[in-house]
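Here's the structure we're looking at; comments come further down.
Ligands are counted one by one from 1 in listed order, and the atoms in each one are counted from 1 as well. FYI, side chains are in, hydrogens and waters are out, and symmetry mates aren't considered; it's all heavy atoms of this structure.
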Amino acid sequence: MTVSSKIQILRTVQQVRQWRHQTLINNQSVGFVPTMGALHQGHCSLVAESIKENDKTIVSIFVNPSQFAPHEDLNNYPRTLDRDLEILSTEFRNKPVDAVFVPKMSEMYPNGIVLEVEKQRGTFVTVHGSSEQLEGVTRPQFFRGVATVVTKLLNIVQPTRVYFGQKDAQQCVVIRNLVKDLMIPTEVRVMPTLRESNGLAMSSRNEYLSKEMKDKSSIIYRALRKGEELFNKETKLHHKKSVESKLIISEIADLIQQDPDFEIEYIAVSHPETLEDLGEVKPGLGAVVSCAVKAPKENSNELTRLIDNIILN
Ligand code: AMP
């Protein structure tokens, strides 16, 4: 770990507080990028933006147990800390990442954490209204876990700005609501989705896919783009005042269903700020078209969930 030893690695809440204290004394702005590791260019784009916009940048790497249900992939979630530190120390040569917070589980959950919600004790944060739909339907405890860990992290780091990816569109809405409702004095910045050259949204979970399946999974973005093309054709070419959501959804579903390897969990057209289901999309008002699609994992009988979204305007 010679290369990565240039970055300051902070392992405790106390160490982060001391680091932050120094930046306050120096009157420096701090950008914060929370991640679960297995870093890819999507994460790096958030880090690059933080470096650009702030005096100091801190990244956290923590696979947060409380957002995983007991049957989900917590134990198998890719953990590549050495590689992640290598990426963070080599990728940003001109102005480096200043610190990486890599807490142990016991640092973030001093009283321990069980995955069964009914057995959990202590303080958890629920953002009602934006957590239950879309991803929340099949992952009912997911955003409670995300909101809880992000609240803890924001309280620890107290950043000027925090960076999230549009790839996780619902997460961005949940976090915006959380920060607003709990009056957290941090600016939330949302960055565009970074994609592989074939259009597949970059994701740590793509590591579960074979090379062939990664190629095939580009069908998800191609399908979303077909939905967008339909919307653009109807509104810009045919000057329709609105397009029914079900037409957009079936345009997307039709393409994905052509490949039997993929199983659609949902395709939804939602209000970009409230995530309310929209019956129709009007130009100017906008909508987020999101989907979750299951694809077979490499060397396994299991499926992994891939999510993606596109904004209509
Ligand atoms: P994760 O490690 O998956 O929790 O992601 C950490 C942050 O990186 C989240 O804000 C994600 O939305 C963001 N992110 C993940 N994939 C991408 C991507 N392909 N493009 C942009 N941001 C991303």
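Residues Ile267 and Cys291 share a closest heavy-atom pair of CG1-CB, 4.0 Å. Closest non-hydrogen pair, Pro283 versus Lys241, comes out as CD-O, 3.2 Å. Contact between Gln28 and Lys56 at its shortest, heavy atoms only, is NE2-CE, 3.5 Å. Shown here for Arg195 and Asn309, the closest heavy-atom pair between the two residues is NH2-O, 3.6 Å. Here the closest non-hydrogen pair linking Leu209 and Pro296 is CD2-O, 3.7 Å.
Contacts of His40 with ligand 1, taken as heavy-atom pairs under 4.0 Å, involve the side chain alone. Neither the backbone nor the side chain of Val33 has any atom closer than 4.0 Å to an atom of ligand 1 (non-hydrogen atoms only). The part of Pro34 lying near ligand 1 is the backbone, judged by heavy-atom distances below 4.0 Å.
With hydrogens left out, the protein atom closest to atom 22 (N) of ligand 1 is Gly165 CA, 3.5 Å, a heavy atom. The nearest heavy-atom contact from the protein to atom 13 (C) of ligand 1 is Leu46 CD1, 3.7 Å. Counting only heavy atoms of the protein, atom 1 (P) of ligand 1 lies nearest to His43 NE2, 3.6 Å. Ranking the protein heavy atoms by distance from atom 9 (C) of ligand 1 puts Gln171 NE2, 3.8 Å first. Nearest non-hydrogen protein atom to atom 14 (N) of ligand 1 is Asp168 OD2, 4.3 Å. The single protein non-hydrogen atom nearest to atom 20 (N) of ligand 1 is Leu194 N, 2.8 Å, given as residue, atom name and distance.
The cationic group of Lys240 does not satisfy the cation-pi geometry with Phe231, failing either the under 6.0 Å distance to the six-membered ring centre or the 45° limit from the ring axis. Stacking of Arg144 on the aromatic ring of Phe124 is recorded, both the 6.0 Å distance cut-off and the 45° axial limit being met.
Proximity to Met202 (heavy-atom distance under 4.0 Å) selects the following atoms of ligand 1: 16 (N), 17 (C), 18 (C), 19 (N). Interface atoms of ligand 1 facing Thr35, defined by a heavy-atom separation under 4.0 Å, are 2 (O), 6 (C). Within ligand 1, the atoms closer than 4.0 Å to a non-hydrogen atom of Met36 are 1 (P), 2 (O), 4 (O), numbered from 1 in the order shown.
Within a 6.0 Å sphere centred on CD of Glu132, heavy atoms belonging to other residues, nucleotides or ligands number more than 12. The environment of NZ in Lys95 is crowded: more than 12 heavy-atom neighbours from other residues, nucleotides or ligands sit within 6.0 Å.
Between Arg205 and ligand 1 there is no heavy-atom distance shorter than 4.0 Å. Ligand 1 is approached by Pro192 to a heavy-atom distance shorter than 4.0 Å.
Note: no N/O pair closer than 3.5 Å links Met191 and ligand 1 by distance alone.
With hydrogens and angles disregarded, no donor-acceptor distance shorter than 3.5 Å links the side chain of Ser300 to the backbone of Lys297.
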